[in-house]
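Here the structure comes first, spelled out in structure tokens, and everything after it is commentary.
Counting starts at 1 for both ligands and their atoms, following the listed order.
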Amino acid sequence: MGITRRSFLMQSAMAAARLAGRESRWPLMANSSGSPRFEASSLSQFVDPLPVLPRVPQVGYRPSPENAGVKLPYFRVVMHQFEAKIHRDLKPTRVWGFGSNSPGPILEMRAGEGVLVEWINELPTRHLFTIDHNIHGAEAGQPDVRAVVHLHGSRTGPANDGYPEHWYAPGKSVVCHYPNGQEPAMLWYHDHALGINRLNMFAGLFGVSFVRDEFEDSLNLPRDNHELPLVLYDRIFDVDGQLAYPVGADPKARWVPEVLGDAILVNGKLYPYIEVEARKYRLRILNGANARSFHLTFSTTVDQQWFTRFHLIGSDQGLLSAPVEATRVRLAPAERADLIFDFSRYAGTRVVLRNDNFNVMEFRVSARSSRDESTFPKVLRPVRKLSESDASKTRILTLDEIDDPARRPVMNLLNNTRWNMPVTENPTLDSIEIWNFVNLTDDDHPIHLHLVRFQILDRRPFSVYTYKSTGQLKYTGSAVPPEPGEAGWKDTVRAQHGTVTRIIIRFEGFTGRFVWHCHILEHEDNEMMRPFDVVGTSIPHPPSLSPRRG
Ligand code: C2O
Ligand code: CU
Ligand code: CU
């Protein structure tokens, strides 16, 4: 489960040869840049050090929009185009990023302490990639380059959430207030402009953010140099070292259903390596890809192990209740994994992070023994289960693919509804709902809701044929509970094909308009996104965040 059938076919095909023209159901793809594709597998591996992501520097204090007497930390982050060295032997690549970084610098925040971030658009006025003007929100007649930043996983108000229609052109900026009334987690900020989000993200407009608190600090997990954020994503390059976003061969239909690249980057480098000490590290992995799911393993040479053991300690919205031993981790786009890897057993050797059968990056473990003052707690953070009996509403929501007569996908929908149609999901503030994602397509879709965190109840196979012909849910197997690594708080869930995926959500924090969508960006851009309204009276209540130890 997990890997989409279509991406599986594509990934296997890629192993054999190149990317172009692999599947008959796909529209013919061309290269937007016109230059031939470069084969990433021809490059030497592990010659570039892994970039250490810098921090967003605080530039001062500004009054809180909620209370002018309170001053909040103020950050400025500028979107730029610049050239980046992706690999020693690849020509410099034109990318978009924040400051001079792609992925952008880390935005560090504390739970319960609000911050203000000014997101400044200083991108050029010409886009790096071909825009498909047939797509909703990308119609001709508006600026080609426009962006709006969303902080994924943040519990923030509707005016600060990067609503897809709230984009702005180069020369403009917007200040967002993130109150951080939430538990610690790895968040990420990224563009969300309607109809061109997949292109802006492919260009590099994303970065990592952390929310932390005293309780998490007190767990004494590996920190500072021993905590490594790893942002994974795949790209396609042309022979000039430039990013090549594929387009449909028909000039009137440039959109392609999913983009998968043969080059897997970590923090902006292809096949990087890092020198690590022989001790425990905390790895915080984000899948920042447009469409690719990662199936990650660690291989070690000492014990001739392809599937070395590690411990998962958290997922999208923070820590699990207890560590879970694992040998692999699966991440769909936008999902995060928090894990502890103990390199002490591998002193003087190399550990390779792999995706399926491909090397991604290398850890060179020092031969010297290291002092490791960090702890490996048996218990992490209480995760209170939401109870199904507390749900005031259950929604059945289909995931749909619309095909042309040749059975090629032309768009994806949520509940057969387009972006522009009236809002249909309107939960009440502080109520609990159960959402059933009835996946009628051949693909898995990572479904993400803004504003909230949720828990996965289960996944259950059903007859797609019966549903399509009668509208009845006929289950064909029993309900499967979430995997141990996804049993905590989530904000993105893999809704597998032929399966009903149930999540339980409390709509906390704010009223107003937000969005939910598939995080495969090609789908999201082409109608697989819907607004939702949280209704009722907003009573700001300080959430109690930190559980007491012991
Ligand atoms: Cu990563 Cu709408 O979000
Ligand atoms: Cu989000
Ligand atoms: Cu999708």
(message) Test your reading of the model: is there a side-chain donor-acceptor pair from Gln496 to the backbone of His445, 3.5 Å cut-off?
(response) no
(request) Kindly confirm whether the Cu ion (ligand 3) is within less than 2.8 Å of some N/O/S atom in Cys518? (result) yes
(message) Under a 3.5 Å cutoff, is there a donor and acceptor pairing between the side chains of Glu335 and Asn287?
(response) no
(message) Ignoring hydrogens and geometry beyond distance, is a side-chain donor-acceptor pair present between Thr398 and Asp400 at under 3.5 Å?
(response) yes
(message) Could you check whether His190 and His519 have their ring centres less than 6.0 Å apart?
(response) yes
(message) Between Tyr189 and Phe206 (judged by ring centroids, cut-off 6.0 Å), do the two rings come close enough to count as a pair?
(response) no
(request) Check whether any N, O or S atom of His519, backbone or side chain, sits closer than 2.8 Å to atom 1 (Cu) of ligand 1. (result) yes
(message) Quick check: of its N, O or S atoms, which one does His152 have closest to atom 1 (Cu) of ligand 1?
(response) ND1
(request) Give the name of the N/O/S atom in His190 that lies closest to atom 1 (Cu) of ligand 1. (result) NE2
(message) Can you tell me if, anywhere in His152, an N/O/S atom lies at a distance from the Cu ion (ligand 2) that is smaller than 2.8 Å?
(response) no
(message) Tell me which N, O or S atom from His445 is the closest to the Cu ion (ligand 3).
(response) ND1
(request) Using only N, O or S atoms, tell me which atom of His523 is closest to the Cu ion (ligand 3). (result) ND1
(message) Can you classify the ring geometry of His150 versus His448 as parallel (below 30°), tilted (30 to 60°) or perpendicular (above 60°)?
(response) tilted
(request) Specify which N/O/S atom of His448 comes nearest to the Cu ion (ligand 2), by atom name. (result) NE2
